[in-house]
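Below: the structure, in structure tokens.
Both ligands and their constituent atoms are indexed starting at 1 by order of listing.
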Amino acid sequence: MDNISVLFVCLGNICRSPTAHAVFESMVASEGLTERIRVDSAGTGDWHLGHAPDERTAALAAERGYDLSELRARLVDEQDFSQFDYIIAMDNENLSNLRAMCPHGYNGQLSLLLDYSQQSDTSEVPDPYYGGENGFSLVLDLVEEACSGLLAHIRGSRASLATAADTESAL
Ligand code: 4NP
């Protein structure tokens, strides 16, 4: 059975991508797919390397049952393109930085997280770092909704990961 790997990328790797990492990992675990789907996160900027997630991010995520305490910031690098099937950016700036470092012949998916969202009013997860509390809850709302769409997309793309409902509707 083929496994899948997903890397979430933002700027600092202390707010948005660790949130997506923990939320998606939790969804993967609740569907019994931990052995099949590998999840990680990284940043394009190096200010917080080795740091734990932002306290505001971690506290809000904990209120919704997500544990970010083991995560530490790291930089995305070229090797990630040979390791991850999905490299998923939070905003357009992250995406263009990833495109600039993407090796020719990368045959995974380079995309925005909100490409997997059912809501169409925004395409980016806004950077909450210098804003108020509302920015952090918006990140969590957007990430939860889009991660659910991402998991459905991945399940739909691999027969061995499909749910019984997916299989029925394909018959
Ligand atoms: P993130 O947020 O990209 O969601 O982790 C940021 C964290 C730190 C900084 C910018 C954005 N910073 O400029 O230090």
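Of all non-hydrogen atoms in Y129 and I14, the two that sit nearest each other are CE1-CD1, 3.7 Å.
Side chain of N97 to backbone of A100: no donor-acceptor contact under 3.5 angstrom is found. At distances below 3.5 Å, at least one donor-acceptor pair connects side-chain atoms of R72 with backbone N or O atoms of S69.
Contact atoms of ligand 1 toward I14: 5 (O), 7 (C), 8 (C) (distance under 4.0 Å to a heavy atom of the residue). Proximity to C15 (heavy-atom distance under 4.0 Å) selects the following atoms of ligand 1: 1 (P), 2 (O), 4 (O), 5 (O). Near Y130, meaning under 4.0 Å from one of its heavy atoms, ligand 1 places the atoms 13 (O). Within ligand 1, counting atoms from 1 as listed, the ones closer than 4.0 Å to a heavy atom of D127 are 2 (O), 6 (C), 10 (C), 11 (C).
Between G12 and ligand 1, a contact under 3.5 Å exists for at least one N or O pair. For ligand 1, the polar-atom distance check against R16 finds a nitrogen or oxygen pair separated by under 3.5 Å. Considering backbone and side-chain atoms together, L11 places an N or O closer than 3.5 Å to an N or O of ligand 1.
Atoms OH and CE, on Y66 and M27 in that order, are 5.0 Å from each other to the nearest 0.5 Å.
Contact annotation for N13 and ligand 1: only backbone heavy atoms (N, CA, C, O) come within less than 4.0 Å of the ligand. Residue contacts with ligand 1, taken as heavy atom pairs separated by less than 4.0 Å, involve H48 solely via side-chain atoms from C-beta onward.
R74 pairs with exactly one of D40, N13, D46 by the side-chain hydrogen bond (donor to acceptor under 3.5 Å, both in side chains) rule, that one being D40.
Annotation: atom 9 (C) of ligand 1 to nearest protein heavy atom, Y129 CD2, 3.5 Å.
A cation-pi arrangement is absent between R16 and F136 under the rule of less than 6.0 angstrom and at most 45 degrees off the ring axis.
Aromatic rings from H153 and Y116 are positioned such that their centres are separated by under 6.0 Å.
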